[in-house]
Amino acid sequence: MGAAGAGRDLEALRREIGIGCYARHIFLCTHGDCAPEAASQEAWRYLKTRLRQLGLADAAGGVFRSRASCLRICKEGPIALVYPEGTWYRRCTPDVLERIIQEHLLGGRPVAEHAFAANPLPASE
């Protein structure tokens with residue numbers, strides 16, 4: 001178990017980070033051949049900081065974020081993926097991430113200008 005989970009059982013950790021309470025989940029590729037390492041790390045730092053500033057991180061109904069080692073789209077990165085809509089984004093610089101945050105994560109409307117694919121999760125029965 002990583003440092004964040006040391007000494008806690010799985011259920012306590014799940015409750016602590018709010019799994020099951022988020023409205024959306026954003027994955028950001030921060031490693032691989034899709035973008036220079038420095039650009040990927042800058043995008044990750046920006047995403048983390050903005051979600052916290054806006055009160056979306058660690059909040060019920062907020063946005064869960066995950067750093068991905070590879071999303072298998074090794075072009076035009078950094079690549080981001082937002083669920084449950086399954087919207088794939090390219091060239092996720094801090095400016096593009098800000099639009100995704102404002103328009104998609106907060107406003108519920110994917111940013112068509114930066115999206116290149118969609119694979120929504122099926123609705124629950």
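The residues of the chain are indexed from 1 along the displayed sequence.
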Inset, instruction - Evaluate the criterion side chain to side chain contact (heavy atoms under 4.5 Å, CB included) for residue pair R99 and H104; output intermediate values, then yes/no. - result: CA-CA 8 Å; R99 286 201 53 205; H104 190 163; over 6 Å; no
[atom1]/[X] to [atom2]/[Y] distance, rounded to the nearest 0.5 angstrom?
X    : Y    : atom1 : atom2 : answer
E113 : E103 : CD    : CD    : 8.5 Å
E98  : L105 : CD    : CG    : 10.0 Å
T93  : H114 : OG1   : NE2   : 7.5 Å
K75  : R91  : NZ    : CZ    : 12.0 Å
D58  : L51  : CG    : CG    : 9.5 Å

If you take all heavy atoms of [X] and [Y], which pair is closest and at what distance?
X    : Y    : result
Y83  : L121 : CD2-CG, 3.5 Å
A35  : G77  : CB-C, 3.4 Å
A118 : P120 : C-CD, 3.8 Å

Legend entry - ILVMFWY network linking F64 to I79, side-chain heavy atoms under 4.5 angstrom: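 Shared cluster, no.
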Inset, instruction - Say whether L47 and L106 are linked into one hydrophobic cluster, either directly or through other cluster members, by side-chain heavy-atom distances under 4.5 angstrom. - result: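 Yes, it is one cluster - the side chains of L47 and L106 are joined through contacts under 4.5 Å.
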Measuring only between side-chain heavy atoms, which start at C-beta, is [X] closer than 4.5 Å to [Y]?
X    : Y    : answer
N119 : L81  : no
R52  : R65  : yes
C34  : C29  : yes
V63  : I101 : no

Inset, instruction - Only counting residues at least two apart or in another chain, list the ones meeting side-chain hydrogen bond (donor to acceptor under 3.5 Å, both in side chains) with R67. - result: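 In terms of side-chain hydrogen bond (donor to acceptor under 3.5 Å, both in side chains), with neighbours along the sequence ignored, R67 is linked to Q41.
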Inset, instruction - Verify side chain to side chain contact (heavy atoms under 4.5 Å, CB included) between V111 and V96, making sure each step is shown before the conclusion. - result: CA-CA 9 Å; V111 184; V96 171; over 6 Å; no
Legend entry - N-O pairing of R14 and E11 below 4.0 Å: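 Answer for the salt bridge query: yes.
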Legend entry - Y89 and its side-chain contact (heavy atoms from CB on, under 4.5 Å) partner, picked from L28, I26, V82: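 That would be V82; it is the only one of L28, I26, V82 passing the side-chain contact (heavy atoms from CB on, under 4.5 Å) with Y89.
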Inset, instruction - Scan residues 20-31 for pairs that pass side-chain hydrogen bond (donor to acceptor under 3.5 Å, both in side chains), counting only residues two or more places apart or in two chains. - result: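 Sorted result for residues 20-31: R24-E85, H25-S66.
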Legend entry - Any side-chain donor near an acceptor of the partner, Q53 and R50, under 3.5 Å: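 Yes - a donor-acceptor pair under 3.5 Å links their side chains.
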Inset, instruction - Could you tell me whether the side chain of R90 and the main chain of E76 form a donor-acceptor pair under 3.5 Å? - result: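 Answer holds: no.
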Inset, instruction - If a pair satisfies ring-ring contact (aromatic ring centres under 6.0 Å, His included) and one of its residues is in residues 33-56, list it, with sequence neighbours excluded. - result: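 Those involving residues 33-56 do not exist here.
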